[in-house]
Amino acid sequence: MNEHLDALVDAVGPSHDDCQSAMLDHAVAEGFPTVGADAGGVLRLLARVVGARDVFEFGSGFGYSASWFARGMDAGRVVLTEYDEAELALAREFLDGAYDVAFAFESGDAMATFGRYDGPFDLVLLDHEGARYAPALARVRAKLRPGGVVVADNVAAGPVDTETLVSMLREDDAPDPPTRDASWDVDTTTEGIGAYLDLVRSDPGFETTLLPVGEGLAVSVRVE
Ligand SMILES: C[S@@+](CC[C@H](N)C(=O)[O-])C[C@H]1O[C@@H](n2cnc3c(N)ncnc32)[C@H](O)[C@@H]1O
């Protein structure tokens with residue numbers, strides 16, 4: 001079974017639409033790190049099951065992940081944030097008019113942009129810098145509706161050292177005294193992801209599951 005699993009997942013899909021195929025060509029040509037199709041399928045699924053109307057992305061690149069959210073929505077808005085003006089211009093080119101949702105293209109720091117929106121949001125994607133996920137969570141929490149979902153990408157691969165993460169997160173090995181707050185001083189991606197995962201899993205307001213899809217998605221539903 002296992003040797004055929006990747007092929008089966010690939011065969012079942014989801015597949016790219018025309019806009020996404022063009023995006024994928026661009027990502028491959030430029031070596032740009034998108035969430036990928038498997039994780040994209042999860043974003044579409046989540047948008048559909050929560051009935052998303054308002055979505056916010058921390059770190060949008062040229063709009064690939066936003067296109068997956070859009071495919072799970074019949075109406076509403078996706079807010080894209082991106083430091084890099086050239087990527088954002090490309091996102092506008094790819095996405096404008098391509099789906100049944102509105103897009104807001106916001107340049108500059110994602111956290112500063114988030115502060116300018118009232119919310120509430122149905123879905124939030126963290127895909128900017130791992131060291132900034134934990135500080136973002138407290139602000140996201142305040143603007144995420146009950147039943148809303150926050151997804152953190154890249155929690156299990158890429159620059160993340162999973163062995164270190166496991167030792168940070170195993171209850172037996174947890175540092176004493178507990179360091180579970182958003183000000184946990186971090187300077188590497190692994191520590192940042194560890195701080196985020198520790199914060200969100202110990203918050204009674206969220207139920208969190210890590211999906212081993214793409215680079216690893218931490219999916220947290222706001223339950224109170
Ligand atoms: C992994 S890529 C995003 C990929 C995108 N979500 C997708 O799947 O297509 C991360 C992006 O976040 C941007 N970024 C990093 N820190 C940021 C910040 N504080 N505010 C806005 N954008 C940021 C980077 O310029 C980069 O383009």
Side-chain angles (χ1 to χ4, degrees), residues 14 16-17 19-47 52 55-73 77-96 98-99 101 103-117 121 123-140 143 149-160 182 186-190 192-193 195-196 211 213-219:
H16 289 108
D17 64 17
C19 174
Q20 291 175 323
S21 294
M23 286 178 149
L24 185 68
D25 290 346
H26 172 75
V28 171
E30 299 294 323
F32 190 92
T34 67
V35 291
D38 293 348
V42 173
L43 301 185
R44 182 181 68 166
L45 174 75
L46 289 171
V55 177
F56 191 99
E57 292 193 326
F58 285 69
S60 297
F62 63 88
Y64 180 83
S65 48
S67 73
W68 281 105
F69 283 127
R71 285 184 64 185
M73 300 163 71
R77 179 182 64 186
V78 181
V79 181
L80 291 83
T81 64
E82 180 52 56
Y83 268 151
D84 187 327
E85 300 277 357
E87 296 299 339
L88 204 59
L90 204 52
R92 196 185 291 272
E93 241 174 76
F94 278 124
L95 295 176
D96 257 351
Y99 298 97
V101 301
F103 295 101
F105 300 92
E106 298 277 9
S107 65
D109 179 53
M111 190 85 99
T113 303
F114 191 72
R116 294 200 301 274
Y117 280 79
F121 291 100
L123 257 175
V124 172
L125 174 68
L126 303 178
D127 195 13
H128 55 325
E129 295 153 282
R132 298 199 175 185
Y133 286 9
L137 184 66
R139 299 186 200 193
V140 167
K143 294 182 185 177
V149 175
V150 54
V151 182
D153 187 31
N154 300 314
V155 301
V160 171
V186 295
D187 59 4
T188 71
T189 302
T190 297
I193 297 292
Y196 174 80
L211 301 181
V213 175
E215 306 288 293
L217 298 176
V219 179

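In this chain, residues are counted from 1 in sequence order. Counting convention: from 1, in listed order, for ligands and their atoms alike.
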- Message: For H16 and Y64, take the angle between the two ring planes, folded into 0 to 90°, and tell me which bin it lands in: parallel under 30, tilted 30 to 60, perpendicular over 60.
- Response: tilted

- Query: Does Y133 reach the main-chain N or O of A152 with its side chain, forming a donor-acceptor pair under 3.5 Å?
  - Reply: no

- Task: Test the K143-Y117 pair against the cation-pi criterion, namely NZ or CZ under 6.0 angstrom from the six-membered ring centroid and within 45° of the ring axis.
- Result: no

- Look only at the side chain of S107 and the backbone of E82, and say whether a donor-acceptor pair between them is shorter than 3.5 Å. no

- Which protein residues have a heavy atom under 4.0 Å from ligand 1? F32, P33, T34, V35, G59, S60, G61, Y64, S65, E82, Y83, G108, D109, A110, D127, H128, E129, R132

- Which class fits the ring pair F62 and F94: parallel under 30°, tilted 30 to 60°, perpendicular over 60°? tilted

- Message: Which label fits Y99 and F103: parallel for a plane angle under 30°, tilted from 30 to 60°, or perpendicular past 60°?
- Response: perpendicular

